[in-house]
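Here the structure comes first, spelled out in structure tokens, and everything after it is commentary.
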Amino acid sequence: MSHREPARLLDALEVDDEFKAALREAVDPGPNPEQMQRMAAHLAALPAARPDAQVSTLAGRKLWARGLLLTLPIAASVWWWSTVRVAHDKSAPRALEDGVVSAAPARESVPRIEQPDKPTAPTALPASPPVPRRSQRVRHKRETQAEPDSGADTANPLAELALLRRARAALRGAPERALQLTEQHRQEYRRGLLTEERELLATEALMNLRRVDEAHARGLAFERAFPSSAHTRRLHVILSGVTP
Amino acid sequence: VVRPSLEKQEFPALFSRHAPFVWRVLRRHGVRESDVEDACQEVFVVVLRRLEDFDGSAGVRTWLYAIARRVAARFRGRAHTRREVSMGPPAEATVPAQAEQRAEQSELARAIAGALANLSEDKREVFELYEIDGMPMAEVAATLEVPLQTAFTRLYAARAELRAHLQRARVVEAVRGHSQARSQGGSR
């Protein structure tokens with residue numbers, strides 16, 4: 001059965017112009033040029049379609065919360081471990097010693113993150129570090145948890161957590177403040193237990209402040225410092241620019 | 001005829017051309033005005049990721065519509081969650097955009113918006129995809145996954161309801177004007 005399409009109301013000659021104008025006015029006009037520009041800029045800042053970027057921000061939030069919940073018992077056990085264990089291996093030098101992000105870092109100048117517990121290569125990291133095999137990752141994780149630096153600020157993990165919670169709370173309404181709090185955390189807990197969480201928050205704060213380049217640089221540093229982090233998916237969501 | 005998948009370099013043009021369409025679909029599916037920009041971006045994030053999966057077996061707008069509808073459902077869910085968590089004042093209801101009467105709209109435009117808001121969702125969808133977005137009816141039917149005949153039926157029904165609603169509104173307006181004139185005459 002064939003159908004002929006009727007003339008559209010907006011095109012029909014018998015429909016008066018006043019009605020056409022009113023019909024156009026009655027429906028949503030769509031984005032204005034400023035909104036178009038903003039969206040285009042955000043999309044242009046996206047990394048090439050990454051498989052993890054699809055995670056919804058809601059799921060990302062749940063992941064973050066789950067990560068935090070998982071961190072607590074780990075933090076407690078590490079704190080306990082550090083109080084009873086005096087000897088530790090100081091042979092592994094730190095790969096990343098300074099977490100300061102410059103005011104406007106280029107993408108190539110990746111900020112460094114202080115990594116409290118992880119023995120890593122002493123100097124320049126390769127551009128794309130090889131992904132360790134699963135067995136290596138597991139061993140690396142165990143080492144991470146079992147051999148904390150004696151200098152780690154593990155005396156009060158709950159205070160550390162509280163500080164990051166404040167940063168988290170400020171993230172949406174006052175990202176500048178959130179960034180300050182993460183910086184405060186970095187200074188007070190130079191070898192803290194929640195370094196990954198802090199970096200994630202700082203990256204999200206930078207994105208919220210539309211400091212996209214800095215956020216990407218920080219995210220890159222995060223991925224290099226914590227290649228097997230449980231927060232990597234969340235990080236990709238944050239960097240995808242999708243507002244939670 | 002199956003066209004090849006879209007290339008990444010086509011994305012900017014795709015965005016510029018279809019963002020207004022996606023925006024309207026999101027609004028029609030109840031995404032709040034304050035969220036629609038984020039939702040629109042999210043749609044195109046998905047599009048960017050899946051460009052290579054697009055096989056051309058359906059139209060681009062049909063594909064975008066399906067993505068936008070899913071994103072809109074997610075945003076409605078988030079809005080609901082936010083209301084529950086924040087305990088703040090009730091957020092604006094997830095009514096179609098047409099129901100939100102803007103102050104600067106003309107009287108006729110407001111009447112049309114009211115009439116469109118009164119249409120059932122399936123009729124309104126056909127009406128707007130065809131009349132406003134300019135989709136051919138075959139594409140409308142494919143987008144909404146209904147037979148072509150059904151799409152035509154809905155379009156004609158939507159037009160008839162719109163006409164009837166506007167006529168009623170005109171009669172009501174005329175009666176109101178008449179009674180106002182009488183009351184002003186009586187007070188003199």
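Chain naming here is simple, since letters A, B, ... match the order of the sequence lines and numbering starts at 1 in each.
At least one side-chain heavy atom of B:Pro20 sits less than 4.5 Å from a side-chain heavy atom of A:Pro31. Counting heavy atoms from C-beta outward, A:Gln35 and B:Cys40 have side chains that stay 4.5 Å or more apart. Taking 4.5 Å as the limit, every side-chain heavy atom of B:Pro12 sits out of range of all side-chain heavy atoms of A:Leu43.
Of the inter-residue distances, the one linking B:Asp133 atom CG with A:Arg8 atom CZ reads 9.5 Å to the nearest 0.5 angstrom. A distance of 5.5 Å separates CE of A:Met39 from CD of B:Glu37, quoted to the nearest 0.5 Å. Here A:His42 contributes atom NE2 and B:Phe44 contributes atom CZ; the two are 15.0 Å apart, rounded to the nearest 0.5 Å. To the nearest 0.5 Å, atoms NZ (A:Lys20) and CD (B:Glu131) are separated by 11.0 Å. Annotation: the span from B:Ile132 atom CD1 to A:Leu23 atom CG amounts to 4.0 Å, rounded to 0.5 Å. Taken to the nearest 0.5 Å, the CG atom of B:Leu166 stands 6.0 Å off from the CZ atom of A:Phe19.
The shortest non-hydrogen separation linking B:Val45 to A:Ser240 is CG2-O, 4.4 Å. Of all non-hydrogen atoms in B:Ala113 and A:Ala26, the two that sit nearest each other are N-CB, 3.8 Å. Of all heavy-atom pairs spanning A:Gly30 and B:Trp23, the tightest one is CA-CD1, 3.4 Å. Closest of all the heavy-atom pairs between B:Ala19 and A:Met36 is CB-SD, 3.6 Å. The heavy-atom pair separating A:Arg4 from B:Phe152 by the smallest distance is O-CE2, 3.9 Å.
Taking A:Glu18 as the reference, nothing meets the side-chain hydrogen bond (donor to acceptor under 3.5 Å, both in side chains) condition, with sequence neighbours excluded. Here B:Ala151 pairs with B:Met137, B:Ala141, B:Val146 under the side-chain contact (heavy atoms from CB on, under 4.5 Å) rule; sequence neighbours left out. Partners of B:Glu145 by salt bridge (Lys or Arg N to Asp or Glu O under 4.0 Å), not counting sequence neighbours: none found.
Comparing B:Ala138, B:Ser16, B:Pro136 by heavy-atom pairs within less than 4.5 Å of chain A, the highest count is held by B:Pro136.
Of all residues spanning residues 175-182 of chain A, none has a heavy atom less than 4.5 Å away from chain B's heavy atoms.
Between the side chain of B:Tyr130 and the backbone N or O of A:Glu5 there is no donor-acceptor pair closer than 3.5 Å.
Using a 4.5 Å cut-off between heavy atoms, B:Leu26 makes no contact with chain A at all. Contact annotation for B:Phe21: neither backbone nor side-chain heavy atoms come within less than 4.5 Å of a heavy atom of chain A.
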*Quick one: do A:Val27 and B:Leu116 satisfy side-chain contact (heavy atoms from CB on, under 4.5 Å)? Show the steps, please.*
CA-CA 9 Å; A:Val27 296; B:Leu116 290 177; 4.0 Å; yes
